[in-house]
Amino acid sequence: MKLKHLIIFALAMPLIGCNKNVDVIDVASYVDTSGQHDCSDKIQELINNNPHRTLYFKDGIYLLDHQILTPGNPAKSVDLQLSNYAILKASDKYQVERTGDWEEWQDQYLYMVSLGGLDRDNDVLTPGSVYSLTGGIIDGSGRAAGVEIAGGRETRVQNVSMKGVQVGLRIAKGVNSGSSDADIRDISIICNDDKESYGLILQGSDNTATNIRIGHVTHGVYTNGGSNLLSYVHPLHNGNCLTENYDESVGFEIDNYTQLNNCYSDNFRTAYKLGDSHAFLTDCIAWWFNPQGSKRDQIAIEKADDQFNATVNNFVVGVKKAEEDKPVTTAKIMEGKSSTGNDEGIIHNVHARNRELITDIDESFKPSGLLSEYLTDGEVVHDYK
């Protein structure tokens, strides 16, 4: 029996310690992870020289002097996987903005990670078209922009935390006639309190964004790409933004057809700023609190253009009312009156918390009132505590 056991053990020995996937590149084996030296050139070299490989970043600080770009061509694509505490950090030397002319699909910022920024391609048939950035922390050091999906299709970003970024995540116009076909989910974004900070920008079409939390930002979500689907997206206007940039703050600005499900605008001056497109808002929330008793001008839905064509179902509006708050904070459900009379929009089933603080309800809720123009016949505004 002993000899049998020895033979089995001897046969197993070559397998012990050999479960490591040889197709995974351990980035930490090639770069400094102390945050003291630039890693961007070496990381870019690893990306360029290892098509169809996974680059794994274990715990550590990976300092970037400039952005890193992955290929959009599925024959050259790579997958970036970061451990939960791997940090890509913008250095003091990081160039924040582009110089000179740039392509129509680009914007002014040099994002720390540009997915599909090389070899943009419109190909979903070749294996490798689906690639992702997964996990880790993107630290903009209070100045840099975080992540962009610049090219390719079917790109994924998930389980990523962003800190101190000017812009959190941007999806550029896609290579398929503007369609990006990207999927982002389970992301936390903390911006840098700047007046021009944005949490999420969708310039491309046909994307999904799910379970996104955004804070310390003046502009929560902006989209002008069509056919995007946003679910459980929660931008919060807090920090220095709240005291310095309140008048400019917008939770969601929608300039094209978009579906919003269970989205939550939290304490922005304007919760939902809608263009004349046929946007759909279902089970969405506009909420405000009243810090230090300050009186504020607040709008749940603002018509950015002459026409209101959105469909709003099961809309919740709430204002926090504390006994110690002396100035009374009120909120409008609708702002902006049509000059054309061609509105096709409708609001159905509004629930208002602290109803006495909501305008276009009670005394102003009458046939000539603004809100009543968009409520269905016989609709009422429900009160809840």
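Residue indices begin at 1 and follow the sequence shown.
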Any donor-acceptor pair under 3.5 Å from [X] side chain to [Y] backbone:
X: Trp288; Y: Phe268; result: yes
X: Glu253; Y: Tyr222; result: no
X: Asn228; Y: Gly204; result: yes
X: Tyr272; Y: Ile285; result: yes
X: Ser141; Y: Arg143; result: no
X: Thr70; Y: Ile47; result: no
X: Asn159; Y: Gly135; result: no
X: Gln44; Y: Leu69; result: yes
X: Asn176; Y: Ser179; result: no
X: Gln95; Y: Glu97; result: yes

May I ask you to test the [X]-[Y] pair for a side-chain heavy-atom distance under 4.5 Å?
X: Phe308; Y: Leu274; answer: yes
X: Pro74; Y: Asp121; answer: yes
X: Val147; Y: Tyr111; answer: no
X: Phe252; Y: Thr258; answer: no
X: Ser77; Y: His52; answer: yes

Quick one about [Y] and [X] (side-chain donor to acceptor, distance below 3.5 Å, no hydrogens or angles considered), yes or no?
X: Asp193; Y: His216; answer: yes
X: Asp41; Y: His66; answer: yes
X: Asn261; Y: Gln259; answer: no
X: Asp65; Y: Ser91; answer: yes

Apply the test side-chain hydrogen bond (donor to acceptor under 3.5 Å, both in side chains) to residues Glu154 and Ser129: give CA-CA distance (whole Å), side-chain angles for both, the deciding distance (0.1 Å), then the verdict.
-> CA-CA 7 Å; Glu154 304 182 325; Ser129 64; 3.0 Å; yes
Neighbour count above 12 (heavy atom, 6.0 Å) for Asp92 CG =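 Incorrect, the count does not exceed 12.
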Is Arg120 atom CZ crowded by more than 12 heavy atoms from other residues, nucleotides or ligands, each under 6.0 Å away?
->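 Yes, CZ of Arg120 has more than 12 neighbouring heavy atoms, counting only those of other groups under 6.0 Å.
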Of all residues at least two apart in sequence or in a different chain, which pass the side chain to side chain contact (heavy atoms under 4.5 Å, CB included) check with Arg269?
->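 By the side chain to side chain contact (heavy atoms under 4.5 Å, CB included) rule, Arg269 matches Tyr246, Asp247, Ser249, Asp297, Ile299.
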Mind checking side chain to side chain contact (heavy atoms under 4.5 Å, CB included) for Ala209 and listing every partner two or more places apart, or none if nothing turns up?
->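 Partners of Ala209 by the side chain to side chain contact (heavy atoms under 4.5 Å, CB included) criterion, ordered by chain and then number, come out as Ile184, Leu200, Ile212, Leu230.
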Check the pair Gln166, Asn192 against side-chain hydrogen bond (donor to acceptor under 3.5 Å, both in side chains), reporting the backbone distance first and the verdict last.
-> CA-CA 6 Å; Gln166 176 71 22; Asn192 60 0; 2.9 Å; yes
Trace of the side-chain hydrogen bond (donor to acceptor under 3.5 Å, both in side chains) decision for Ser83 with Asp59 | CA-CA 6 Å; Ser83 71; Asp59 291 357; 2.4 Å; yes
Among Val113, Leu64, Asn48, which one satisfies side chain to side chain contact (heavy atoms under 4.5 Å, CB included) with Ile43?
->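 That would be Leu64.
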Please name the residue in the list Glu103, Glu148, Glu104 that meets the salt bridge (charged side-chain N to carboxylate O under 4.0 Å, His left out) test with Lys173.
->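 Testing each of Glu103, Glu148, Glu104 against Lys173, the sole residue satisfying salt bridge (charged side-chain N to carboxylate O under 4.0 Å, His left out) is Glu104.
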Test applied, side chain to side chain donor-acceptor pair (under 3.5 Å); reference residue, Asp183; option that passes from Asn207, Thr210, Thr208 |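 Result for side chain to side chain donor-acceptor pair (under 3.5 Å) with Asp183: Thr208.
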If you measure from CG on Asp79 to OG1 on Thr54, what distance do you get to the nearest 0.5 Å?
->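 Here the interatomic distance stands at 4.5 Å.
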Joint hydrophobic cluster, Tyr264 plus Val312, side-chain heavy atoms closer than 4.5 Å =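 Cluster IDs for Tyr264 and Val312 match.
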Might you work through the side-chain hydrogen bond (donor to acceptor under 3.5 Å, both in side chains) test for Ser231 and Asn262, ending with a clear yes or no?
-> CA-CA 6 Å; Ser231 302; Asn262 296 283; over 6 Å; no
